[in-house]
Amino acid sequence: MKKIQLLILLAGMSGTGMQCLADEPARLRRDQSFFGIHFDFHAGDDCREIGKHTTPEMIDAIIELVHPDYVQTDCKGHAGYTSYPTKVGNPAPGFVGDPLRTWREVTARRGVALYMHYSGVWDSRAVELHPEWAVMRADHTRDREKTSVFGPYVDRLLVPQLKELAGRYGVDGVWVDGECWATVPDYGERAVRLFREATGISNIPKSAGDPHWYEWMQFHREGFRRYLRHYVAAVRSEYPDFQICSNWAFTHHMAEPVSVALDFLSGDYSPNNSINAARYAGRYLACQGIPWDLMAWSFSHNPFPREQKPAVQLKREAAVVLALGGGFQAYYTQNRDGSVRLDEMQVMAEVARFARERQPYCHHSMQIPQVALLLSTSDYQHSAGSLFPQYKGHSQGVLQCLLESQHSVDLVSEETLAPDMSRFPLIVIPEWEHIAPSFRADLADYARSGGSLLVIGRETSDQFAGLVGVRAPAEGGLTVQSTGAGKIGLLSVAVGNAYLESGSEALRKQVDAAVRQLFPDPLVEVGGSPWVDVSVSRLNGKRTVHLVNTSGDHTGAGIIRSIEPVGPLQVSIRCDRKPSGITLQPAGRACDFTWADGKAQVRVDAVEIYDILVVEEDRIPE
């Protein structure tokens, strides 16, 4: 133990960050990590005995039960009080020992990476002590929670504390909460001056209906990016191996290309209707090009105030994420003294075993392009709401409609699509209000060059009809027409919100029929149940077909105690040549299959939660 303490001290003095001792197990970096566990409790002025029950035995018990690749634990929540005895910030009122030191010593000895939950932009205590650090609202009152990304908070508190965590404690990295989604426009003197200098606009808009609101919002979005780039660079200048994530940055909350050198992307999706939340978030993250994971909440607020989710429910939430190649973690609260309720870890241990059985067949798998669904950066930037909204427009309903017809779908932005649209056999444009004219022209060129394009919604169809010389169909109709070497389909039907509200089988079939007319020969077709999500991926030179059971109610049910198996399923897999074998994992069962017309036909009797077909063949078709 003394060797570890000495090493931490030396790391803080040298600025190199913590390194593993020769007799210490190596720890995985986040891009190598698969399964983790997150704890936080947002310490406040009521916390006077933090660390009293944070013992080495408690932490050892968590690791022994769950065997995580990493642990994230609390160090500063939205209230702004640290749950460790900081020397550079605002500690909670009372500590028994140094709980963060205990977390680091035990995790290092066990070869488990340690990350911190740290609230960034949202820091109520800092604002209380330094009102000048706060955002100024449009009515010229100071915000009581949110700091300004144009102010001194980042250099006076945030950067010194991250350096303290990296140097004095030698932790592996930080998961910064309360960031893009907590950032709000600042009407303070400095922000207004910088806006006027950058744009030449003198009249400052106060609401979405005022002139130059778009420019005002874009200025603040770039302000957040600059703030993020600044603190990442400042910390890395001394601790280059310290790993940083900003919660929900460059996800569908911030639907744009990654422009900050973060080590990984992550977000904690909704504790209710979690399957649909994870479906959406995961499909966008899978296309962003850097390591990612998603965090489930281990509890639901339905019933109120909360109830812990059973293992079967969390297994399926994990399955939705793992099937897309990402990592998974779950969030458990801590007691007000920072200790963990060990009885809750039994469920997490069961979820971990479920995930580890599937890890060899899913982790870091890459989606094979099939159907691309546009999440419009332009539309999100024109939204009248917050700076970085969880803005889905009508695309959530369209995504669910496609998934429930067993299509393998990626959720992509204009910037993700533009470099090589041709890799997707079908691109679907849901009911976005704003699509840049230049990007509409690019999509029309994609179709003329051999692609298939499906445009959904009356107004959206009208935007494309003239580009390819097609008359938009009447309300409720479908027009499919060849254009150059490809095809374009205009489906003049309101789908997105209508499907979310009704789950209409007729509407789903109408969309599915349009998709199959434009894309008649996908790599994989699944019949037998609409309640199975399909993802087609590559991993280690093999094709993998992921089947996730999504049966049952997700919108209304907070706690799910059982899941009915789906099946039998008939799976058709298009291959260049007859596979040498098809195996159902993680059971390791060799599947009987027939081979005809370039397709392998496999029967899967039942999918309880998540199974994977691994196709053995010499070469995977592009």
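Being a predicted model, the structure only gives us computed values, none of them experimental.
Under a 3.5 Å cut-off, the side chain of Gln329 and the backbone N or O of Asp293 do not form any donor-acceptor pair. Side-chain N or O atoms of Arg306 include none that pairs as donor or acceptor with a backbone N or O of Asn302 at under 3.5 Å. Asp186 contributes no side-chain N or O that, together with a main-chain N or O of Ser148, makes up a donor-acceptor pair within less than 3.5 Å. Between the side chain of Gln243 and the backbone N or O of Arg30, at least one donor-acceptor pair lies under 3.5 Å. Not a single donor-acceptor pair under 3.5 Å links the side chain of Ser298 to the backbone N or O of Ala330. No side-chain donor-acceptor contact under 3.5 Å links Ser270 to the backbone of Asn273. Between the His67 side chain and the Arg353 main chain, no donor and acceptor come within less than 3.5 Å of each other. At distances below 3.5 Å, at least one donor-acceptor pair connects side-chain atoms of Ser395 with backbone N or O atoms of Lys392. Within the 3.5 Å criterion, the main-chain N or O of Asp31 finds a donor-acceptor partner in the side chain of His364. Proximity of a side-chain donor or acceptor of Thr141 to a complementary backbone N or O of Arg137 within less than 3.5 Å is not detected.
One finds no salt bridge joining Arg279 and Glu317 here, because no Lys/Arg side-chain nitrogen approaches an Asp/Glu carboxylate oxygen to under 4.0 Å. Salt bridge status for Lys146 with Asp123: absent, with no side-chain N to carboxylate O gap under 4.0 Å. Using a cutoff of 4.0 Å between basic side-chain nitrogens and carboxylate oxygens, Arg283 and Asp410 are not scored as salt-bridged. Salt bridge absent: Arg221 and Glu256 never bring a charged side-chain N and a carboxylate O closer than 4.0 Å.
Across all their heavy atoms, Asn247 and Gly267 have their closest contact at OD1-CA, 3.1 Å.
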Could you go step by step and tell me if Ser266 and Trp175 meet the side chain to side chain donor-acceptor pair (under 3.5 Å) rule? CA-CA 8 Å; Ser266 183; Trp175 190 90; 2.9 Å; yes

Test side chain to side chain donor-acceptor pair (under 3.5 Å) on Trp248 and Asp177; report intermediate values, then the result. CA-CA 8 Å; Trp248 286 122; Asp177 200 2; over 6 Å; no

What do the steps show when you test Ile612 against Val545 for side-chain contact (heavy atoms from CB on, under 4.5 Å), and what is the final call? CA-CA 6 Å; Ile612 304 149; Val545 180; over 6 Å; no

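Heavy atoms from other residues, nucleotides or ligands lying under 6.0 Å from CZ of Arg356 number more than 12.
Between Asp69 and the options Ile37, Leu28, Val112, a side-chain contact (heavy atoms from CB on, under 4.5 Å) holds for only Leu28. Screening Asp45, Asp74, Asp46, Asp40 for a salt bridge (Lys or Arg N to Asp or Glu O under 4.0 Å) with Arg336, the sole residue that qualifies is Asp46. Here the rule is side-chain contact (heavy atoms from CB on, under 4.5 Å) with Thr183, and of Tyr227, Phe224, Trp122 only Phe224 fits it. Applying the ring-ring contact (aromatic ring centres under 6.0 Å, His included) test between His252 and each of Tyr284, Tyr380, Tyr280, Tyr269 identifies Tyr280 as the sole match.
Looking at residues two or more places apart in sequence or on another chain, you find a side-chain contact (heavy atoms from CB on, under 4.5 Å) between Asp343 and Arg341. For Glu307, the side chain to side chain donor-acceptor pair (under 3.5 Å) partners are Arg561, not counting sequence neighbours.
Taken from OH in Tyr187 to CE in Met136, the straight-line distance is 12.5 Å, to the nearest 0.5 Å. Note that CG of Leu322 and OG of Ser365 are 9.0 Å apart. Values are rounded to the nearest 0.5 Å. Note that the NE2 atom of His554 and the CD1 atom of Ile560 stand 6.5 Å from one another [nearest 0.5 Å].
Side-chain atoms of Gln400 and Tyr499 form no donor-acceptor pair, as typed in the model, at a separation below 3.5 Å. Glu350 and Gln346 form no side-chain donor-acceptor contact under 3.5 Å, judged by distance and modelled atom types alone. Using a 3.5 Å distance cut-off with no hydrogens or angles, the side chains of Arg144 and Ser124 do not pair a donor with an acceptor. With hydrogens and angles left out, the side-chain atoms of His546 and Thr544 include a donor and acceptor closer than 3.5 Å. Ser386 and Trp181 are not linked by any side-chain donor-acceptor pair at a separation below 3.5 angstrom, with hydrogens and angles left out of the test. Checked by atom type, the side-chain pair Glu564/Ser551 shows no donor-acceptor distance below 3.5 Å. When only modelled atom types and interatomic distance are considered, Glu344 and Tyr332 share no side-chain donor-acceptor pair under 3.5 Å.
Remark: Arg104 fails to qualify as a cation-pi partner of Tyr169 under the 6.0 Å distance and 45° angle criteria applied to the six-membered ring. A cation-pi arrangement is not found for Lys76 relative to Tyr81, the charged atom failing to lie both closer than 6.0 Å to the ring centre and inside a 45° cone about the ring normal.
Using cut-offs of 30° and 60° on the angle between ring planes, the pair Phe264 and Tyr115 is perpendicular.
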